[in-house]
Amino acid sequence: MVRDQGALRLENPWPLIGWASFAAIVVSSFLIGFVFLSRYQENTDPLTFWGAICRGLGITADTAAASSPQAPLRTPTEIAWTQTTLEQIRNGDAQRGRFIAMNCVACHEEATANRSHLIPILDGLDAAVIFKQLSDYRSGKRSWGVMNGIGKALDAQASADVAAYFATRTGRLQTDSGMRFPEGGRGFRQSNVGKRLIFAGDPQRGIAPCASCHGPGGYKLGAPALKGQYSAYIERQLAAFAQGIRQNDIYEQMRAIARHLTADEMKAVAEYFGAPGRQVAAKN
Amino acid sequence: VYNSRWLTLCHFWVAFGVFLLAAVLGAWQMLMRSPLPAPLDDPNLYYASVTLHGTAMAYVVTTFFAMGFGYAVTATSLSRPIRGTMAAWIGFAICLTGTLMAVVAILSGQASVLYTFYPPLLGSVWYYCGAFLLVGGSMIWVVLMVINMMAWKRDNPGKPVPLAMFAIAATALLWAWAASGVEVELATIVLPRAFGFTTEMDAGLARMLFSVTLHAIVYFWLMPAYIAFYTLVPQVAGGRLYSDTMGRLTFIMFLLFSLPVGIHHLLADPEIGIGFKFLQSFLTFFVALPTLLTVFSICASLEIAGRHRGGTGLFGWIAALPWDEPMILAVGLSLVMLGFGGGGGLINMAYGMNSMIHNTAWILAHFHLIFGGAVVIMYFAIAYEMWPRITDKPLRSKQLARWQLSLWFLGMMIMTIPWHITGLMGQPRRVAIFDFTDPLLARMIPLADLSVIGGLILLTSAILFIAILVRSQFGTLELAAPLRYALAVNPPTRVPESLNGFALWNTILLMFMIVMYGYPIGQFFFLKSSVPVYEMTRQSAAAGLQ
């Protein structure tokens, strides 16, 4: 057998095998990795020869993307449910609120101004809901004719007071069904479209049941009770969310859900929620 | 075993003592991860426990085992006393000190950074110093292995170095190359920050340096098992090694291909270009070569033995093998686990497929199967083979040993196959608490429960292993037959210098490392990717209990 004289002497068989294999592996892997595979990108045209090598090395055009200017953040509302906010709402004075509310009832009560029922019932609405909407009107996050001006006229304390007043007035919006056991027919097989969407939702389209936040299943902070609200008002708000006209829902839940509803479904939901409310209206 | 008796015994006892402790922690971690109630249910303790389990199993058990095994192999394969026993004991003391420092730091809850350090997490300086000393102390062993081989070659000019010695020297060199990554990382990035000399940490560079260690360390763990495959198994089976040259080539290829491939552990890291990620994935596939060579030559050697023992026909030789020998049983079980684990490994290292299972329970299933299964079961078999030689007391008993090995195999399979499946379902790893009431996770409940059963079987097997060793140690004195290594079918009389030493292969490896790691490491000097650290020292394990 040949005795090697040194590791780098290529006339010996094993160094030759070793270095040749090394060279073959390095050259072929570099060609595949840097020239061939780096060329192709997922969504755009193949790169040039030098572009592919640079991409293989990790030098790309978007290396400095993090330092480029970012679009300003858009916030849907200025209200956050912090301890301070909740304290502020809890400290509302219903007696003072009653005085302020004298301006509200002109439209929000049954009145000629509200014949089309596009102005919502406030009696029995949760104080946090009214407080948030007044704040959104004040800051321009929600727009509705006269309400922006009224919102600006009220400061945070006045908003809390008036919210506390309306929260004490019960009777018109129903926060529970009055039954000891939940009524039946709340599953996916319910034939009433409105009732099915309210209690079961439509998971295939990513639509959560309305009742899980708006009651009677459960009440999320800031989500208004809807049972007994005017149907026309609910339908109008759903359309406004779906078209992006109303944008003050935190995390865009209402916009995301409303976008998936057809016009008929919005009507069905609104009518199911509003049914008893209409009876009350008829009695008056 | 000449003068290596006490060295080997002390190294093995440290390794196996720590192994038992880490196995208990592992079983508790299984309970924590599962829907079943676990004692001391606290996430902070979980992360401390994972750090200790990983550090113990990956650094302490393996390093001490390889060192003890290396001393025994040097003395027995060269048939002469080893040189430098004083230095060996100093190395032992340094490694033990490092281990104690690291263990105390982890137990205090100040170093729950997991065993791969995860910069920019920052734990107690004692932990990093301990790891540094443990790895650094083992470099004395590396030098001793090389010195002993070179001295033997000087005294026996022209003779081939015995395969066992050649292989353990390859192991030592592999470890020296591998450890360079973590030692440089600790010395230049982590320790300066831990001591407060710097204010930030270059997490990208630190991870890159650790990747030099991360894959090769696995082969360092694997090498004692492969040495047993080539030099002990054919002897115990009563046959001969199929080819001596194939053995040498296998160990040379492990040295070459386990090192320039570490970036396949960083396939999701943003700083590295896709070219180098592909390159090192591509090179990783070459590691399959020595593995397949080994499977081939071990099967061939076993067939020689089987036919020698009277087995006939296409598969008759398999039944003729001495399956009552722990070593043979262990090889059979080990190859099964190597097959499953290796198949999973091909998926992990493939640049494209990795993203399916990246950081999921699949990964821990893979390395528990490969290391905890295929390798550790060979550690057990080696210990059973070595014990009578280093204590002069017979093993009590082979039947118990067979039970222990079978339980280990059973437990490992029951634990890791459900993990593979939950990994594919998306269960992340290194997470203390899962909310199994979530519908997405509820599907995993039966699998998670099943793997707990596997974990408990493993713990039983680990306790049994220690019990067998202790029972044997307190047995009656009885001289055992000296350790003999398998002869090759054609024993080499002369081999080319290139297959009798490592000069050529170290040079090629150096070139590989420059080509494969030069730019990926060099780029960090203009990337400026230093970041502030996240200190883990502020939160104590006790805080979570309240």
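A note on names: the letters A, B, ... follow the listed sequences, proteins ahead of strands, and every chain is numbered from 1. Values below: all heavy atoms of this structure, side chains included; hydrogens, waters and symmetry mates excluded.
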Interchain contact, B/Phe257 with chain A, by part (heavy-atom threshold 4.5 Å)
side chain

How close do A/Arg55 and B/Ile274 get, heavy atom to heavy atom, and via which atoms?
NH1-CD1, 3.5 Å

Of the non-hydrogen atoms in A/Gly33 and B/Phe278, which two are nearest, and what is the gap between them?
CA-CD2, 3.3 Å

Tell me whether A/Lys141 at atom NZ has more than 12 heavy atoms from other residues, nucleotides or ligands lying less than 6.0 Å away.
yes

Bottom line for A/Ile32: the part with an atom under 4.5 Å from chain B's heavy atoms is both

Does the side chain of B/Tyr351 come within less than 4.5 Å of A/Leu37's, by heavy atoms?
no

Taking the side chain as C-beta and beyond, is there a heavy-atom pair between A/Pro13 and B/Pro496 under 4.5 Å?
no

Side-chain touch A/Ile25/B/Leu283, heavy atoms, less than 4.5 angstrom:
yes

Give, as side chain, backbone, both or neither, the part of B/Leu509 having an atom under 4.5 angstrom from any heavy atom of chain A.
neither

Heavy-atom distances under 4.5 Å only: say whether B/Tyr519 touches chain A with side chain, backbone, both or neither.
side chain

Would the number of heavy atoms belonging to other residues, nucleotides or ligands and lying under 6.0 Å from CZ of B/Phe526 be above 12?
yes

Pair A/Phe34 and B/Phe276, ring centroids less than 6.0 Å apart
yes

Hey, are the side chains of B/Val495 and A/Trp14 touching, using non-hydrogen atoms and a 4.5 Å cut-off?
no

Counting heavy atoms not belonging to B/Phe285, are there more than 12 under 6.0 Å from its CZ?
yes

Between A/Ala52, A/Gly18, A/Ser29, A/Ser21, which has the largest tally of heavy atom pairs under 4.5 Å with chain B?
A/Ser29

Nearest 0.5 Å, please: how far is CG in B/Leu504 from CZ in A/Phe22?
11.5 Å

Within a 6.0 Å radius of atom CG on B/Asn359, are there more than 12 heavy atoms belonging to other residues, nucleotides or ligands?
yes

May I ask you to check whether over 12 heavy atoms, not counting those of A/Glu87, lie within 6.0 Å of atom CD?
yes

Smallest separation among heavy atoms of B/Ser498 and A/Pro15, with atom names
OG-CD, 3.7 Å

Is B/Met511 in contact with chain A via its backbone, its side chain, both, or neither, using a 4.5 Å heavy-atom distance?
both

Do other residues, nucleotides or ligands put more than 12 heavy atoms under 6.0 Å from the CE atom of B/Met150?
no

